Protein chains: 2
Amino acid sequence: MNYRFGINMKIVWCITGAGHLLRESFQVMKRLKEEIEDLKVTTLVSRAGEEVVKMYGLFGELYNISNGNYYEELILEREHPYSSPITGRLSLGKYDYLICSPATGNTVAKVVNGIADSLVTNAIAQAGKGFVKSLIVPVDYKAGIVTTKLPYAIDKKKCKLCLKCINVCPNGAIVKRDNFVEILLSKCLGCGNCKKVCPYNAIIEGKEIKMRVRKIDAENTRKLMELEDVIVLKHPYEILEFFNIR
Amino acid sequence: MNYRFGINMKIVWCITGAGHLLRESFQVMKRLKEEIEDLKVTTLVSRAGEEVVKMYGLFGELYNISNGNYYEELILEREHPYSSPITGRLSLGKYDYLICSPATGNTVAKVVNGIADSLVTNAIAQAGKGFVKSLIVPVDYKAGIVTTKLPYAIDKKKCKLCLKCINVCPNGAIVKRDNFVEILLSKCLGCGNCKKVCPYNAIIEGKEIKMRVRKIDAENTRKLMELEDVIVLKHPYEILEFFNIR
């Protein structure tokens with residue numbers, strides 16, 4: 001075990017609605033739990049974050065990070081009152097760190113304008129007020145083009161409309177259109193059953209696409225760096241470096 | 001048929017909560033459907049947009065624009081998950097254009113600050129990230145005074161309290177107060193039954209009022225022009241010009 005910042009450490013992990021850097025964020029939080037003895041993680045998931053975590057098939061893994069015990073609660077914004085007790089703990093400085101990874105352009109835009117009207121933006125604001133250091137990984141770090149990976153998608157050229165995937169989908173997320181089959185991302189749980197059963201290798205996971213990082217989002221990331229007790233990181237892996245974990 | 005921009009064109013039309021330029025926006029979208037062969041329009045209606053469209057009696061016309069087929073869905077923010085699949089299609093660049101008309105001061109204010117916490121502001125953000133061009137018609141183009149038309153209103157001077165209008169209203173949107181009768185705009189469906197039955201010509205449709213375009217809203221419209229792939233238009237009719245439709 002190697003820990004640099006005291007024992008019985010308590011961290012809030014905030015997840016917002018971005019697929020970009022999401023898997024890497026999960027990997028990092030898992031490593032922190034492994035490496036830092038008695039680390040307690042309270043996880044806050046925004047509404048959009050919940051949808052995206054499900055799309056990427058990672059929802060189940062949340063319980064490995066936050067098992068529900070005291071200071072290890074899993075808080076879904078959808079289920080929680082607006083200024084839930086968790087943010088009170090932050091104002092009282094009862095956590096050692098707040099980590100927000102991935103942080104969407106929307107979350108960063110609100111934070112740098114002092115807006116705190118959602119579970120995560122309010123948590124970040126209270127952390128700032130309660131002298132709790134925030135490590136924030138914005139998905140829009142620098143203006144330009146980024147490559148990101150999609151959850152499951154069907155390659156129409158390879159698909160033979162055998163419909164085997166539809167029968168194995170546990171959440172009815174695959175639908176037959178006129179002449180093709182579509183995965184409804186808002187219902188997909190990312191279980192991968194469809195990919196396993198497809199005889200034609202037509203179901204792709206992690207297809208890469210290019211996306212623009214807009215100037216406004218990059219400009220907001222720059223403003224984020226000026227907030228008290230906020231450390232802006234380029235990538236979730238830099239969180240491990242921060243905690244001296246190789 | 002005259003179309004300038006390829007065939008099988010797919011457009012997202014976003015409606016937000018403004019009565020100003022709303023009828024003209026509906027006229028334009030109807031013309032685009034008539035003039036552009038195989039045009040598919042997915043319509044996104046914000047919560048406030050839904051209320052205002054109903055007030056102006058235009059809700060039924062939405063189905064002429066988006067009949068529910070694939071890529072012709074009518075998405076009401078009230079009924080839809082936060083990062084609904086539609087915004088995913090925009091990040092993947094699967095639409096040719098996004099049109100937001102009318103765009104309220106609130107929508108423009110959020111967009112220019114990078115805030116994307118609603119169906120429409122998220123759609124505009126994903127369009128920018130997915131290299132989809134946006135044509136935006138802000139109701140607050142230039143600081144000063146604009147004239148706009150109201151939906152139905154009762155002229156108290158002419159009204160004789162005969163209450164005939166109350167009996168013909170299909171949605172209970174007209175109420176008797178102590179000494180006058182009032183149309184509740186939030187319930188009015190704009191059907192016009194009341195106007196037809198009123199013996200005293202006391203019900204007016206499209207009463208003109210003057211409104212101020214505030215400096216902050218005009219300033220946000222100016223900032224809108226600086227966003228990548230965003231074209232700001234003064235009036236919905238300029239959308240027809242953009243598509244070379246006389």
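This is a predicted model, so every value here is computed, not measured. So that the names make sense, note that chain A is the first sequence line, chain B the second, and so on, each numbered from 1.
- Within residues 217-235 of chain A, the residues having any heavy atom less than 4.5 Å from a heavy atom of chain B are, in residue-number order, D217(A), N220(A).
- Near-neighbour residues of residues 202-216 of chain A relative to chain B, defined by a heavy atom under 4.5 Å from a heavy atom of that chain, comprise I209(A), K210(A), M211(A), R212(A), V213(A), R214(A), K215(A), I216(A).
- Only the side chain of Y70(B) comes within less than 4.5 Å of a heavy atom in chain A; its backbone stays farther off.
- The number of heavy atoms from other shown groups lying within 6.0 Å of NZ (K129(A)) does not exceed 12.
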Report task. Give the intermediate values and the outcome of side-chain contact (heavy atoms from CB on, under 4.5 Å) for residues N106(A) and N122(B). Result -> CA-CA 8 Å; N106(A) 173 58; N122(B) 195 26; over 6 Å; no

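- Y63(A) meets the side-chain contact (heavy atoms from CB on, under 4.5 Å) test with F59(A), L74(A); sequence neighbours excluded.
- Scanning residues 140-166 of chain A against chain B with a 4.5 Å heavy-atom cutoff picks out D140(A), I145(A), L150(A), ordered by number.
- Separating the CD1 atom in I115(B) from the NZ atom in K110(A) is a distance of 6.0 Å, to the nearest 0.5 Å.
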